[in-house]
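What follows is a set of notes on a single structure, which appears directly below.
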Amino acid sequence: MQYRTDPKSGNQLSTLGFGCMRLPGMPARVNLEETERLILTAVENGVNYLDTAYIYNGSEAALGEIFTRNPGLRQKVNLATKLPIVKCKSSGDFDLYLTKSLERLQTDSVEYYLIHNITSLSTWEHMVELGIVEWIAQQKQAGRIERIGFSYHGPEGEFAPLLDSYAWDFCQIQYNYLNEHYQAGTAGLKAAAERGLPVIIMEPLLGGKLAAELPAKAQTALEEAGINPDPVRLALRWVLNHPEVTVVLSGMNAPEQLAQNMDTAECALPGAFSETEAHAVELAREAIAASYKIPCTGCGYCLPCPKGVNIPSCFNAYNASFAYGRFQGLQQYVTASGAMSGSVHLASDCVQCGACVKKCPQHIDIPAELDTVKRRLQFPGMPAILRFGVKLVAR
Ligand code: SF4
Ligand code: SF4
């Protein structure tokens, strides 16, 4: 495993971090045995950064259980979790959620604590008004938090002012070859590094979108140059090619993914990206941009919808209808509706309550886009037909 130095603390962090947002069995229920095997294999092979969050359903508790089952494991990793500011209405809530996270994780402290999902400078300023700066100082003093940072999903122009608004220890940004100029982007990556901050990267595969097969031209270019044309490898190597990157998080939920990512991280040094790989990325960008209509990463932060709409799956089906054809999109849309499991919820069930909109880190106008999905993938009478079919099967 390669390690990069956290320039603020001197900690040596594995270039591959284990993202715990999509553990085996999630979002329904974490499969503890499979998760334990993955985490143990990762740590045995040198991964020493685990990233979870209060709102990752069951993730913190699963990690806590795994630490308890495996004495000594906790000391081998840098643990990161996050404060759900979307739930914080008063300063007492900061304490409440950190305490719950530590209880779930069965630990007294975390090495890296993040203010989760800052979407604008004013979001942070509101937390400051609630007394978060004083609270952080107390928690550091009490040894419950070692280092404080934030994860960012706001506009490019507000990132540098946010960096300068507080004495941060680290930051976490969305970064991949499609998002060079989106949210913090390359400018934000460089701005953080110039300020001496370690940068943790999330969404290197854009919620799995960059894991899909490469367009034929890109694949051929790589193969002719004798380079492994695997899309995940290409995307991770692109991120790790940047010397400003400290850790790249990957949400691995199968042993083969873990093995592949560890292998990639092992030889992905800054500056190791070849000209052929850079050309393949250009070709992939062009092809993906042509089919990528709604920028949903599938993070699921917008869920649950009170009307049961599976928002990310609707968007995924819509994008698939451009990438792979309308029929494929329609098939995915029917699956997304829940008809196979006996309960139908379609894009047309959205009542535009707006509860999901402020939770979306990609700033998608969800009700409006669901209407777009409906217009492309729903035909008249479809809800009634699906519901009738479900009733028939249930008899
Ligand atoms: S706006 Fe629509 S999709 Fe969003 S939570 Fe409300 S009903 Fe669900
Ligand atoms: S709509 Fe937004 S919050 Fe919901 S899954 Fe997609 S990116 Fe995440």
How would you list, by chain and number, every residue that makes a ring-ring contact (aromatic ring centres under 6.0 Å, His included) with [X], sequence neighbours excluded?
X	result
His242	Tyr175, Trp238
Tyr54	Tyr97
Trp168	Trp124, Phe150, Tyr166

With a 6.0 Å cut-off (strictly less than), is the heavy-atom count around CZ of Arg29, excluding the residue itself, greater than 12?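 Check fails, neighbour count at 12 or below.
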Other residues, nucleotides, ligands: >12 heavy atoms within 6.0 Å of Lys190 NZ: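 For Lys190, atom NZ is not crowded (no more than 12 foreign heavy atoms under 6.0 Å).
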Between the side chains of [X] and [Y], is a donor N or O closer than 3.5 angstrom to an acceptor N or O?
X	Y	answer
Ser59	Thr52	yes
Thr81	Glu60	yes
Thr264	Arg237	no

Can you tell me which residue pairs pass the ring-ring contact (aromatic ring centres under 6.0 Å, His included) test with a partner in residues 4-50, sequence neighbours excluded?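 Checked against ring-ring contact (aromatic ring centres under 6.0 Å, His included) - neighbours excluded - the pairs reaching residues 4-50 are Tyr49-Tyr112.
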side-chain contact (heavy atoms from CB on, under 4.5 Å) against Thr246, all qualifying residues, sequence neighbours excluded: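 Counting only residues at least two positions away or on another chain, Thr246 forms a side-chain contact (heavy atoms from CB on, under 4.5 Å) with Arg4, Leu13, Pro198.
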Set of side-chain contact (heavy atoms from CB on, under 4.5 Å) partners for Ile227, sequence neighbours left out: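 In terms of side-chain contact (heavy atoms from CB on, under 4.5 Å), with neighbours along the sequence ignored, Ile227 is linked to Leu222, Ala225, Ser274, Thr276, Glu277.
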Mind checking whether Tyr113 and Phe170 sit in one hydrophobic cluster, side chains of I, L, V, M, F, W, Y counted as touching below 4.5 Å?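 Shared cluster, no.
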Where is the tightest heavy-atom contact between Gln257 and Gly251, given as atom of each residue plus distance?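 Shortest heavy-atom separation between Gln257 and Gly251 comes out as OE1-O, 4.0 Å.
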